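Owing to the predicted nature of the structure, the values given are computational and were not obtained by experimental measurement. We count ligands from 1, going down the list as the structure has it; atoms in each ligand are counted the same way.
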Amino acid sequence: MPHPVSNPDPLNQPAQLDDYNLFLSDLPLQQSVANEAGTGMLTPLNHLGAELGTAGCFALGRKANLHPPQLRRYDAGGRRIDHVEFDPSWHALMQLATASRLHNGAWGDADDSGIARAARFILHAQVEAGTLCPVTMTYGAVPVLQRTLLAAGAPLASWQAALLSGQYDPSDLPASRKAGLLIGMGMTEKQGGSDVRANTTLAVADGQAGPDQAYRLHGHKWFFSVPQSDAHLVLAQASGGLSCFLLPRILPDGSRNAIRLERLKDKLGNRSNASSEVEFDGALAWLVGEEGKGGRTILEMGGHTRFDCALGSAGLMRRALSIAIYHARRRYAFGKPLVAHPIMTNVLADMALELEGITALLLRLARWREPAAPEREQALARVLTPAAKYLVCKRGAAFVAEAMEVLGGNGYIEESDLPRLYREMPVNAIWEGSGNIMALDLLRALEKEPAVPAALQAFFAPLASSHSLLRPAWAELRTLIAHPQEAQMREVAERLVYLTAAAVLLESGDSTVADAWCRGRLQTRFSQFGANIWHADTLLRRALPDF
Ligand SMILES: Cc1cc2nc3c(=O)[nH]c(=O)nc-3n(C[C@H](O)[C@H](O)[C@H](O)COP(=O)(O)OP(=O)(O)OC[C@H]3O[C@@H](n4cnc5c(N)ncnc54)[C@H](O)[C@@H]3O)c2cc1C
């Protein structure tokens, strides 16, 4: 009689969800793209979804986070090199992200759109999120630089081609000799991050002062991500006040700029990406725009990076949902698949609903954020960008925790990918303006931008007049924003996001999903996933094909 093998092939343990098309399997995303941009974008997104969804790509994402970057401050002879060394998987992922034009999108390619880029961003986030940091900062910096230092005839015009290319070039050459460029941002100092006015880094003109001129920077940055970037936009105090500078890593003559990398941060998540502490010892930088206008310039870039934080969180949530549904359809407990137990059906369907609403909202917001969008839509984008960043990034951590629980103990184990997704979540809520800062930004827009109240009224009033759940929800929100109070701004942000998603779903989404959203997010107060859910079967069918 043969002995039973000590470690048999496991029964009732579903395989890992690898090798599937990230776009074709995501009906809500396909429909949102088609609704906002037409069907022309679907084929390239389908190809990208197939490329990114391979087991090989998921393996790159795991490896890049298992082998975080290392700082080499000195060479063997004791000379400072301030070099950050990455695992090859990081470079392969960066190649994918730049080929996908996440770092320059429509800034360099008139056939591209912010809507298609938003979908690509959501797809890439499902594979690896650390690489989103360099591409979002570059994307935020491009329009500012195109208008100033890199404009035709301006001192750095020769950088344009590389900045707008689809190439990834990690070499240590001066920017003017490279095939592709990355730009970082440095605002946060030890004594203040949200309050950038507290910056103490000093900028002294290296000759003549003024736009495009050279300055010397003396000081530090406490958070300085992607230190291997070709240049950073940094804030420093010039004689005219807080100003924005472009600080190259390698100077035009090929020597290193006086930027000392003190340490790489030991982070909760986002471990594939290097975030450093730096000191400037007379580093050369060029003034971007005028002295004293640095805060305004950073705010412009913040609009782009904040939107990307919400997109990145939506991508992480999508990967977590796919893993959870896939598992629950295959794992049996008490005689039937997990997904067939009514209470588990509701949990998964509610998570699917959350992403239906978020996806519809973010793709609409991508349309409203287009530079050529009508003024009314731009006013809506002005308030919805901080509100969406606030709510989506906050909801992300609870969402991934719930997905983890669907897998039980296996969900808590690294191989499931869920611990990495979970660790990644909080940073999107913290950087580029933490929760309260987003709420305060919403307050500023409501108080200071005259086009905003009228745009909200014009968007919501017609729909509210004909919908029994939208009507009271809009009436309550209208009361709150008529005399906006700082202490109520988190509440306002949440209501604004829910109501906008409802309006978008009613206008152009699936009618059953719209009904589920209005009942589950407007009629009842959200508490935990699975508490209040309608049309669960439809939501689950739409969420992931049964492959
Ligand atoms: C992994 C990582 C990478 C980063 N990379 C970069 C980078 O590349 N470049 C860069 O410049 N920064 C970077 N940061 C820094 C990040 O942007 C800041 O941490 C963030 O802006 C918050 O600033 P702070 O840490 O100084 O916190 P604080 O400003 O001290 O804020 C602490 C808390 O107080 C709240 N708060 C602040 N002001 C108010 C107020 N008026 N009313 C109510 N609440 C308030 C905030 O919402 C926050 O919750 C990075 C951070 C992390 C975690």
Side-chain angles (χ1 to χ4, degrees), residues 65 68-69 84 129-141 182-201 217 219-236 242 244-247 249 259 261-280 294-295 297-299 301-306 308-309 312-313 386-387 389-391 393-394 397 420 423-444 447 484-493:
N65 285 276
V84 185
T131 38
L132 297 176
C133 177
V135 295
T136 186
M137 290 200 288
T138 305
Y139 187 76
L182 294 173
I183 310 289
M185 293 178 191
M187 292 84 81
T188 310
E189 298 187 359
K190 289 177 187 169
Q191 70 285 354
S194 309
D195 186 3
V196 291
R197 295 166 310 178
N199 271 203
T200 56
T201 293
L217 302 191
H220 81 281
K221 293 292 165 187
W222 182 230
F223 281 92
F224 193 77
S225 287
V226 203
Q228 75 278 16
S229 296
D230 297 287
H232 279 73
L233 286 167
V234 294
L235 288 180
L242 191 65
C244 183
F245 295 87
L246 184 70
L247 171 79
R249 182 169 61 89
I259 305 167
L261 302 192
E262 290 302 300
R263 213 165 41 152
L264 295 189
K265 300 282 193 188
D266 185 7
K267 298 179 284 186
L268 168 70
N270 201 254
R271 295 184 70 81
S272 63
N273 176 37
S275 299
S276 65
E277 297 163 14
V278 290
E279 286 180 3
F280 309 134
T297 309
I298 291 292
L299 267 185
M301 298 188 292
H304 299 296
T305 52
R306 287 167 180 180
D308 283 355
C309 288
S313 290
K389 198 247 188 211
Y390 166 76
L391 190 74
C393 299
K394 282 245 174 284
R420 174 158 64 91
R423 284 194 301 270
E424 198 62 44
M425 277 298 184
V427 78
N428 278 336
I430 292 173
W431 62 15
E432 301 303 328
S434 315
N436 288 351
I437 299 302
M438 290 303 91
L440 292 172
D441 191 38
L442 176 59
L443 176 65
R444 191 176 312 119
E447 284 180 337
Q485 304 292 318
E486 178 178 325
Q488 290 178 322
M489 275 301 123
R490 283 187 171 220
E491 168 86 7
V492 171

Would you tell me whether Arg490 and Asn436 have side-chain atoms, one donor and one acceptor, within less than 3.5 Å of each other?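 Result is yes, a qualifying pair exists.
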Can you tell me which residues line ligand 1 if we count any heavy atom under 4.0 angstrom from one of its atoms, in chain and number order?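 If the criterion is a heavy atom under 4.0 Å, then ligand 1 touches Met185, Gly186, Met187, Thr188, Gly192, Gly193, Ser194, Phe223, Phe224, Ser225, Lys267, Ser275, Val427, Ile430, Trp431, Glu432, Ser434, Asn436, Ile437, Leu440.
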For Glu486, which residues count as a side chain to side chain contact (heavy atoms under 4.5 Å, CB included) partner, sequence neighbours excluded?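 Expected list: Leu440, Leu443.
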Under the side chain to side chain contact (heavy atoms under 4.5 Å, CB included) rule, collect the residues that match up with Leu299, sequence neighbours excluded.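 For Leu299, the residues satisfying side chain to side chain contact (heavy atoms under 4.5 Å, CB included) (neighbours in sequence not counted) are Arg306.
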Would you please name every residue forming a salt bridge (Lys or Arg N to Asp or Glu O under 4.0 Å) with Lys221, sequence neighbours left out?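 Only Glu189 meet the salt bridge (Lys or Arg N to Asp or Glu O under 4.0 Å) criterion with Lys221.
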Over 60° means perpendicular and under 30° means parallel, so classify the ring planes of Phe224 and His232, tilted if in between.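 Geometry flag for Phe224 against His232: parallel rings.
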Do the charged groups of Lys389 and Asp441 touch, with an N to O distance under 4.0 Å?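 Judged by the 4.0 Å cut-off on N to carboxylate O distance, Lys389 and Asp441 do not form a salt bridge.
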